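Below is one structure, written out as structure tokens; comments come after it.
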Amino acid sequence: LNTYGSLYALNKDTAKINWFLNLNQSEDINPSNLFLSNQIVNNGDKIAVSSDKNTYIIDVDTGSIDYRQNFSSAIKPILTKKYFFLVTKNNLLISVDLENYEIIYSYDLNDKIAKYLNVKKKSAEFQSMMIANNYLYIFLKNSYYLKLNFYGEIQSIQKLSSKFKTYPIFVDNSLMFINNKNKLVVID
């Protein structure tokens, strides 16, 4: 995927182009309308691309666009074999069923957080998300993280002991990361 919205699929053995897709809807290519997107995510059969305006799910073999919606992800989305999860720029957590491309739910995360904590609604800043131990984890920029089930219901909200410098990982059900002081933090 380049800055002009062109997506190429190359055969790694022959170095030939399998397919090409132009995701930039503008005919006028100039520095003011470059194609901005989050990282591409892949589940083996499909890839997901979230641009500044749209979200696409594309068949890896054919390059056909299987799904396109006019919302975009604020952080790197997650694509599993069955589901697609993303947090939109207006803080909606969306889950899409990959069998029929139906939206399973679309929840305002700020509402969910306020109701869970029983506080007034505020705007959270989301940093990243991941799946671990059959839960969806969403990390916030203020060192908190949400643990949600796959139905989008918050199971817990916790504060990390410090900000993370590296992307967090799970090892034997423990959350691990290097903090901003270059120390390993392990949370059971």
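Quick note: numbers below take in every heavy atom, side chains included, and nothing from hydrogens, waters or symmetry partners. Since we're looking at a predicted model, the values are computed, not measured.
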- Give the intermediate values and the outcome of salt bridge (Lys or Arg N to Asp or Glu O under 4.0 Å) for residues Lys82 and Asp97. CA-CA 6 Å; Lys82 293 183 177 185; Asp97 184 323; over 6 Å; no
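Contact check for Lys165 versus Lys181: no side-chain heavy atoms found under the 4.5 Å cut-off. Within the 4.5 Å cutoff, the side chain of Asn18 has no heavy atoms near those of the Leu10 side chain. Proximity of Ile138 to Leu109: side-chain heavy atoms (C-beta onward) are separated by under 4.5 Å at one or more points. A 4.5 Å side-chain heavy-atom check between Thr80 and Ile131 finds at least one atom pair inside the cut-off. You'll find the side chain of Val96 stays beyond 4.5 Å of the side chain of Tyr83, heavy atoms only. Residues Pro77 and Phe84 form a side-chain contact, since some pair of their non-hydrogen atoms from C-beta on lies under 4.5 Å apart. A 4.5 Å side-chain heavy-atom check between Gln127 and Tyr145 finds every atom pair outside the cut-off. Contact check for Leu86 versus Thr55: side-chain heavy atoms found under the 4.5 Å cut-off.
Rounded to the nearest 0.5 angstrom, Asn54 CG and Ile65 CD1 are separated by 9.0 Å.
Ring geometry for Tyr67 versus Tyr101: interplanar angle under 30°, hence parallel rather than tilted (30 to 60°).
The aromatic ring centres of Phe85 and Phe150 sit less than 6.0 Å apart.
Looking only at atom types and distance, the side chain of Asn90 has a donor-acceptor partner in the side chain of Thr88 under 3.5 Å away.
Within the structure, ring-ring contact (aromatic ring centres under 6.0 Å, His included) contacts touching residues 106-132 (residues at least two apart or in different chains) are Tyr105-Tyr107.
At least one donor-acceptor pair under 3.5 Å links the side chain of Asn149 to the backbone N or O of Gly152.
Atom NZ of Lys16 sits in a sparse spot, with 12 or fewer heavy atoms from other residues, nucleotides or ligands closer than 6.0 Å.
The existence of a salt bridge linking Lys46 and Asp66 is confirmed by a sub-4.0 Å separation between a basic side-chain nitrogen and an acidic carboxylate oxygen.
In summary, of the residues considered (Ile113, Leu117, Leu136), a side chain to side chain contact (heavy atoms under 4.5 Å, CB included) with Ile154 occurs for Ile113 alone.
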